[in-house]
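Report on the following structure.
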Amino acid sequence: MSIDMDFITKDRERIKKEYLREEGTRPASTARGIHHTALLSSDVRRSIDFYQGLLEFPLTEIFENRDYAGSDHFFFDVGAGNLLAFFTLPGLDLGEYAEVLGGLHHIAISVTHEKWDYLRAKLDDAGIDYMVESKSSIYFKGPDGERLELLADPLGEMYGTKVL
């Protein structure tokens, strides 16, 4: 499969010209923020050990999901009023993590440079494989194969570009 990079680059510029409004001319968002992002967990305790124990994202609540008897719905505080949530869905034969259109590619969580170094050392101590990109991103997998990124850029910035 070949990729027409020239077409993609030019099309991206056409999209920017057609849709992207300059800062200060954009309307306010109708949303207040992302309430939570929900992932699937195969093991509640393993997820808690990973997210609360290793990454130090406090568990904030756990209850049965309203539309699936016997399931769990649990939440971790990832800062700025944002929650990372998980469902367990007992009895369903769920497959391995897969990258699909419309699916989750990864979750990028902003941390300070100090916490980035600290958590990188914790990943090392835990023997978690990861990849560092651009000296500010650490990519690794969660307990069920979900892709995570610890990003040492402030919210609203990415690799020196203001994105909000």
Side-chain angles (χ1 to χ4, degrees), residues 1-41 46-61 74-87 96-164:
M1 178 171 123
S2 68
I3 299 173
D4 186 342
M5 294 302 294
D6 185 54
F7 173 81
I8 291 170
T9 301
K10 288 178 181 173
D11 194 43
R12 183 179 305 116
E13 289 306 312
R14 286 189 292 270
I15 291 169
K16 285 175 74 172
K17 186 175 180 180
E18 185 175 346
Y19 294 103
L20 186 61
R21 297 181 187 170
E22 293 294 323
E23 186 176 356
T25 66
R26 295 178 205 148
S29 176
T30 57
R32 293 190 296 190
I34 294 177
H35 185 279
H36 67 274
T37 299
L39 304 173
L40 299 173
S41 169
R46 187 175 66 168
S47 293
I48 293 171
D49 288 344
F50 186 83
Y51 287 97
Q52 182 170 260
L54 179 65
L55 298 178
E56 302 182 16
F57 303 156
L59 179 70
T60 61
E61 186 56 90
F74 52 107
F75 301 83
F76 297 96
D77 179 355
V78 292
N82 300 137
L83 295 167
L84 184 59
F86 288 86
F87 290 111
E96 297 290 318
Y97 172 84
E99 190 171 273
V100 296
L101 289 175
L104 178 72
H105 185 269
H106 72 277
I107 296 173
I109 299 167
S110 178
V111 296
T112 64
H113 277 284
E114 178 182 271
K115 289 293 184 188
W116 190 88
D117 289 334
Y118 171 74
L119 292 170
R120 182 179 180 179
K122 289 190 76 173
L123 293 172
D124 285 334
D125 291 345
I128 306 280
D129 291 330
Y130 60 83
M131 180 177 66
V132 174
E133 288 287 337
S134 305
K135 299 179 183 176
S136 62
S137 292
I138 302 172
Y139 292 94
F140 56 101
K141 292 181 179 177
D144 286 298
E146 64 274 22
R147 294 180 186 164
L148 303 168
E149 176 185 10
L150 295 176
L151 180 61
D153 285 342
L155 294 172
E157 292 183 26
M158 187 159 189
Y159 309 144
T161 299
K162 189 172 178 182
V163 294
L164 179 64

Interatomic spacing from [atom1] in [X] to [atom2] in [Y] - rounded to 0.5 Å:
X	Y	atom1	atom2	answer
Met5	Lys10	CE	NZ	13.0 Å
Ser110	Asp153	OG	CG	7.0 Å
Leu155	Glu157	CG	CD	9.5 Å
Arg120	Asp117	CZ	CG	7.5 Å

Heavy-atom side-chain proximity of [X] to [Y] below 4.5 angstrom:
X	Y	answer
Phe74	Leu83	no
Leu123	Phe140	yes
Glu133	Ile138	no
Tyr51	Pro58	no
Ile3	Ile8	yes
Ile109	Leu151	no
Phe57	Asp77	no
Leu54	Ile128	yes

side-chain contact (heavy atoms from CB on, under 4.5 Å) against Leu164, all qualifying residues, sequence neighbours excluded: none
All side-chain contact (heavy atoms from CB on, under 4.5 Å) counterparts of Asp144, not counting sequence neighbours: Ser41, Ser42, Arg46, Ser47, Glu146
Plane angle bin for Phe86 and Phe76 - parallel if under 30°, tilted between 30 and 60°, otherwise perpendicular: perpendicular
Residue pairs, two or more places apart or on separate chains, that pass ring pair (Phe, Tyr, Trp, His ring centres under 6.0 Å) and touch residues 110-131: none
Would you check if the side chain of [X] reaches a backbone N or O of [Y] as a donor-acceptor pair within less than 3.5 Å?
X	Y	answer
Arg26	Arg21	yes
Gln52	Leu59	yes
Thr25	Glu22	yes
Thr161	Val163	no

Closest contact, heavy atoms only, Val111 versus Leu119: CG1-CD1, 4.2 Å
Could you pull out all residues at least two apart from [X] that satisfy ring pair (Phe, Tyr, Trp, His ring centres under 6.0 Å)?
X	result
His36	His73, Phe75
Tyr139	His106
Phe50	none

Ion pair check, Asp125 and Lys122, cut-off under 4.0 Å: no
Heavy-atom neighbours of Glu13 CD exceed 12 at 6.0 Å: yes
